[in-house]
Amino acid sequence: MAKKVYVGLSGGVDSSVTATLLKQQGYDVTGVYMKNWSQDIPGYPCPWKEDFQDAKRVAVQLDIPFKMFDFEKQYHDKVVDYMIDGFKAGITPNPDIMCNQEIKFKLFLDTALENGADLIATGHYARANQGQLLTAKDANKDQTYFLYRVSEKALTKTLFPIGDYTKPEVRKLAKQFSLATAAKKESMGICFVGKVGIKEFLQQYVKTKPGKIISQDGKLLGEHDGAIFYTIGQRHGLDVGGGLPYYVTGKSMDQNEVYVTSDLNDNKLWQKSFQISSLHWINQPPTPGQKLQVRTRHRAPLEECQIEFIGSRATIKLTSQLRALTPGQSAVLYDGSHVLGGGVII
RNA sequence: UGGGGAGUGGCCAAGUGGUAAGGCACCAGUUUUUGGUACUGGCAUUCGGGGGUUCGAAUCCCUCCUCCCCAG
């Protein structure tokens, strides 16, 4: 009896190829569209209907059963609220990491199992092996940064067929299979929500006031439209001209002030160690003092580091300075191609 | 209303007779399943206003306006 796999079909190329590969490999495949968000933001109509249609088309092409799981409420509670609360608190949260943790590899997994699935699969560029998370073949597209909070248990029930291919290969396969989504453009922006800028999105939920932009030497440079919109290292959107570009080094939510510097080497922008909390380890916690690598933003190169634990937190010590480490964003630890887990920068 | 200095696109800023550098910002695009970064492209027929000299002026002359500094 072939194993039953529920594949998350987003309506994009990657998940389409995922489903196709699994079917070829002899699995009993069911395609599932997760409806997590359907609201329009002014100027940015929500693409969920087109995505749903594309997912359905692929399911029809492959002649596999197709379902829709409606997770809108849970997505809003677990991901959207988390994101808005984080921004309100002055940090820069990463909603897509939360989405993987709470929705795709918890709710979707559980729902699929309840529906009789043996396994789930997604179109992530990553590899899972016996409960371990490994980086993708295509280092350029590797998405393990977004997956470090997934549980070992979930990984034992997850397939990432795409992880063994490069993006160009996936594109080629999609073409070979004549998938309806073969030529679809990469989707970007907050997972599921569409191409909305974070600012436009937040403005739907938060009222903001103008505040001061203050330079490294205490000078008032201008006004911003709300400290909540700015994040560490950010250059654009300040509307301050005159000479050199300015980068955000910090902000005060209480004062509604944004602090910037025009000095690229400003020590506020560079750190050689930092702390993380909300630790999550997929298998075992790493060993203090062990030589590891860390990634502090998606697609950033891996940096050598060591970890030290302090209660429920940990300190990451780097061998070179990293730019604009941002509270709320995640630091993910690797031992070569093995993803260990990580935590949230504080 | 005495003296000195300055006015170039939203900002900073080259250019002192030969037909408007550059940077920042902004906009668009690329990269990217968060935010951010980075990269590419676009962006003054015009140099505070008005006259004049000249084949030709942002650059010279006259005049008006504005700002800054020192005097008072």
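Reminder, nothing fancy here: chain letters follow the sequence lines and each chain counts from 1. These numbers come from a predicted model, not from an experiment.
- One can place CD1 of A/Ile91 at 15 Å from P of B/G35, the figure rounded to the nearest angstrom.
- The base of B/U37 lies outside donor-acceptor range of the side chain of A/Gln234, with no N or O pair under 3.5 Å.
- Across all strands shown, B/U34 forms no Watson-Crick or G-U wobble pair with both key distances under 3.5 Å.
- When the C1' atom of B/G23 is taken as reference, atom OH of A/Tyr246 falls 12 Å away, rounded to whole Å.
- To the nearest whole angstrom, the two C1' atoms, one in B/U19 and one in B/A71, are 42 Å apart.
- Positionally, the nearest nucleotide of RNA chain B for A/Leu238 lies more toward the 5' end than for the other of A/Leu238 and A/Leu147.
- A/Asp225 has a carboxylate O that lies under 4.0 Å from a charged side-chain N of A/Lys199, or vice versa, which qualifies the two as a salt bridge.
- With rounding to whole Å, A/Gln143 atom CD is found 12 Å from B/U34 atom C1'.
- Side chain to side chain, A/Thr249 and A/Gln216 fail the donor-acceptor criterion of an N or O pair below 3.5 Å.
- Position along RNA chain B of the nearest nucleotide to A/Phe229 versus A/Asp239 favours A/Asp239 as the more 5'-ward residue.
- Salt bridge present: A/Lys167 and A/Asp14 bring a charged side-chain N and a carboxylate O closer than 4.0 Å.
- The partner of B/U45, taking Watson-Crick or G-U wobble pairs whose two distances both stay under 3.5 Å, does not exist in any strand shown.
- Taking the C1' atom of each, B/G72 and B/A58 are spaced 35 Å apart, rounded to whole Å.
- For B/A38, one of the phosphate oxygens OP1 or OP2 lies less than 4.0 angstrom from a side-chain nitrogen or oxygen of A/Tyr247.
- The partner of B/G29, taking Watson-Crick or G-U wobble pairs whose two distances both stay under 3.5 Å, is B/C39.
- In this structure, A/Leu269 places its CG atom 11 Å from P of B/A38, rounding to the nearest Å.
- Aromatic pair A/Phe52/A/Phe66: centroids less than 6.0 angstrom apart.
- The separation of B/A13 from B/C70, taken at their C1' atoms, amounts to 26 Å, rounded to a whole angstrom.
- Taking atom CH2 on A/Trp270 and atom P on B/U37, their separation rounds to 14 Å, with Å as the unit.
- Nucleotides B/C43 and B/A28 have their C1' atoms positioned 11 Å apart, rounded to a whole Å.
- Annotation: side chain of A/Tyr230 is not in contact with side chain of A/Val260 (no heavy-atom distance under 4.5 Å).
- Counting only distance, with no hydrogens or angles, the side chain of A/Asn283 and the backbone of A/Gly131 share a donor-acceptor pair below 3.5 Å.
- Of the inter-residue distances, the one linking A/Leu119 atom CG with A/Lys4 atom NZ reads 11.5 Å to the nearest 0.5 angstrom.
- Between the CZ atom of A/Arg295 and the C1' atom of B/U34 there is a distance of 15 Å, rounded to whole Å.
- Distance, A/Ile198 CD1 to B/G35 P: 6 Å, rounded to whole Å.
- Looking at heavy-atom distances under 4.0 Å, A/Gly237 makes contact with sugar-phosphate atoms alone, never a base.
- Nucleotides B/G42 and B/A21, compared at atom P, are 13 Å apart to the nearest Å.
- If you take atom C1' in B/G3 and the same atom in B/G49, they sit 25 Å apart, rounded to whole Å.
- A sub-4.0 Å separation between OP1 or OP2 of B/C24 and a side-chain N or O of A/Arg235 is present.
- Phosphate proximity of B/C26 to A/His236: present, with a side-chain N or O under 4.0 Å from OP1 or OP2.
- With P as the reference atom, B/G23 and B/U40 are 10 Å apart, rounded to whole Å.
- Residue contacts for A/Gly233: at a heavy-atom cut-off of 4.0 Å it reaches the sugar-phosphate backbone alone, with no base atom in range.
- Across all strands shown, B/G2 pairs with B/C70; the Watson-Crick or G-U wobble distances both stay below 3.5 Å.
- With rounding to whole Å, A/Leu244 atom CG is found 9 Å from B/A25 atom P.
- Pairing partner, B/C11: B/G23, with both Watson-Crick or wobble hydrogen-bond distances short of 3.5 Å.
- Below the 3.5 angstrom threshold, one finds no donor paired with an acceptor across the side chain of A/Thr326 and the base of B/G36.
- Looking at heavy-atom distances under 4.0 Å, A/Lys141 makes contact with sugar-phosphate atoms alone, never a base.
- The P atoms of B/G41 and B/C47 are separated by 28 Å, rounded to the nearest whole Å.
- At the heavy-atom level, A/Tyr125 lies nowhere under 4.0 Å from the strands shown.
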